[in-house]
Amino acid sequence: MKAKNKYVAAALALFFGAFGLHKFYLGRTFHGILYIFFMWISWLLSMVDAIRLLTMNDTDFDIQYNLNHDSRMLHKEKVLLERERIQLERLRIKAQRIAHEKKMNPKKKVTDITGEQADDLAAWHDLYEKGIIDKIEYEEKRKIILDIDE
């Protein structure tokens, strides 16, 4: 199968677009037949096609018109795989950030603290507020009471 040229397709669309020759050239036989049957509007559509073909980049043109069906499917799968890879990378980064935040702020949920632990924490916090113990002693006791490992 010979590779198609977008400039040839655009020229056919400009000069013979009403007859759908550019569609036949690009392998779109059904669309070419439609252009012939609806010649009264197809000349306008062919001008739009010519502009679209001329402004299309070469890669998109090749993907759409020069690759067989299997190659097009392979390209779409590559694009989907790349999107999935990016999504997985984002999820990995998010998981790392969450793990880092948990490591930096090892707080227990209020619902995980028992009544006895809450009473002990309140008592030690009162001692800290009154200046009887310093912050380091309070944090050590808090970690013991809440069973926090560092």
Side-chain angles (χ1 to χ4, degrees), residues 1-14 17 20 22-35 38 41-42 44-150:
M1 183 169 99
K2 187 177 175 188
K4 295 161 188 78
N5 186 308
K6 74 176 186 176
Y7 299 107
V8 171
L12 288 171
L14 279 173
H22 63 293
K23 292 294 184 179
F24 288 109
Y25 174 74
L26 293 172
R28 305 291 198 255
T29 307
F30 179 73
H31 292 113
I33 292 169
L34 286 177
Y35 271 61
F38 297 103
I41 188 103
S42 62
L44 179 66
L45 293 175
S46 66
M47 294 303 133
V48 172
D49 286 341
I51 293 168
R52 187 179 57 80
L53 288 166
L54 287 172
T55 58
M56 183 184 289
N57 69 39
D58 292 336
T59 304
D60 289 342
F61 180 84
D62 286 339
I63 290 169
Q64 192 162 357
Y65 298 111
N66 282 329
L67 298 177
N68 61 21
H69 179 71
D70 293 337
S71 299
R72 253 190 305 244
M73 291 304 293
L74 182 61
H75 178 75
K76 287 179 183 178
E77 289 172 354
K78 285 180 183 178
V79 169
L80 289 174
L81 283 173
E82 182 62 18
R83 286 181 187 160
E84 287 182 21
R85 188 193 65 75
I86 290 169
Q87 189 174 14
L88 285 173
E89 183 65 17
R90 286 180 182 158
L91 289 172
R92 186 188 64 76
I93 291 170
K94 184 178 178 180
Q96 280 181 339
R97 188 187 46 173
I98 290 170
H100 179 72
E101 288 173 0
K102 283 183 179 180
K103 184 179 178 185
M104 298 307 290
N105 297 321
K107 295 180 180 177
K108 279 198 169 191
K109 294 180 182 175
V110 175
T111 57
D112 294 343
I113 298 174
T114 65
E116 184 180 333
Q117 288 174 320
D119 291 341
D120 288 346
L121 280 174
W124 284 101
H125 190 265
D126 285 342
L127 292 174
Y128 170 66
E129 290 289 320
K130 292 177 183 175
I132 298 172
I133 61 172
D134 62 0
K135 184 171 178 87
I136 295 172
E137 289 175 304
Y138 170 71
E139 286 298 322
E140 287 175 1
K141 291 296 182 183
R142 185 182 68 82
K143 289 175 187 174
I144 292 170
I145 292 169
L146 296 177
D147 193 30
I148 297 173
D149 295 327
E150 275 197 48

- Note on the structure: Taken to the nearest 0.5 Å, the spacing of Asp60 CG from Asn57 CG works out to 4.0 Å

- What's the spacing between Leu45 CG and Leu34 CG if we round to 0.5 Å? 10.0 Å

- First locate atom CZ of Arg142, then atom CH2 of Trp124, and finally report the distance between them rounded to the nearest 0.5 Å. 14.0 Å

- Query: Can you name the nearest heavy-atom pair linking Ala10 to Ala50, along with the distance?
  - Reply: O-CB, 3.8 Å

- Query: More than 12 foreign heavy atoms under 6.0 Å from CD1 of Ile136: is that the case here?
  - Reply: no

- Spacing of NE2 belonging to His125 relative to NZ belonging to Lys130, to within rounding of 0.5 Å: 12.0 Å

- Query: Any luck finding a side-chain donor-acceptor pair between Gln87 and Arg83 under 3.5 Å?
  - Reply: no

- First locate atom CD1 of Ile133, then atom CG of Leu127, and finally report the distance between them rounded to the nearest 0.5 Å. 5.0 Å

- Task: Kindly check if the number of other-residue, nucleotide or ligand heavy atoms within 6.0 Å of CZ (Arg90) is above 12?
- Result: no

- Task: Determine, step by step, whether Leu53 and Leu26 satisfy the side chain to side chain contact (heavy atoms under 4.5 Å, CB included) criterion, reporting the C-alpha distance in whole Å, the side-chain angles of both residues, the deciding distance to 0.1 Å, and the verdict.
- Result: CA-CA 11 Å; Leu53 288 166; Leu26 293 172; 4.2 Å; yes

- Message: Less than 4.5 Å apart, side chain to side chain, heavy atoms only: is that true for Lys23 and Thr29?
- Response: no

- Query: How many angstroms lie between atom CD1 of Ile144 and atom CG of Asp120, to the nearest 0.5 angstrom?
  - Reply: 11.0 Å

- List the steps, then state whether side chain to side chain contact (heavy atoms under 4.5 Å, CB included) holds for Lys6 with Leu54. CA-CA 7 Å; Lys6 74 176 186 176; Leu54 287 172; 6.0 Å; no

- Task: Kindly say whether Asn5 contributes a backbone atom to a donor-acceptor pair with the side chain of Tyr25 at under 3.5 angstrom?
- Result: yes

- Message: Walk me through whether Asp134 and Tyr138 qualify under side chain to side chain contact (heavy atoms under 4.5 Å, CB included).
- Response: CA-CA 6 Å; Asp134 62 0; Tyr138 170 71; over 6 Å; no

- Query: Should Glu82 and Arg85 be marked as a salt bridge (Lys or Arg N to Asp or Glu O under 4.0 Å) after you check the CA-CA gap, both sets of side-chain angles, and the distance that decides it?
  - Reply: CA-CA 5 Å; Glu82 182 62 18; Arg85 188 193 65 75; 2.7 Å; yes

- Query: Is Tyr7 close to Leu12 at the side-chain level, that is, under 4.5 Å between some pair of heavy atoms?
  - Reply: no

- Passing option when Gln96 is tested against Arg92, Lys94, His100 for side-chain contact (heavy atoms from CB on, under 4.5 Å): Arg92

- Query: Taking atom CD of Glu116 as the centre, does the number of heavy atoms from other residues, nucleotides or ligands within less than 6.0 Å exceed 12?
  - Reply: no

- Message: Centre-to-centre under 6.0 Å for His22 and Tyr35, is that the case here?
- Response: yes

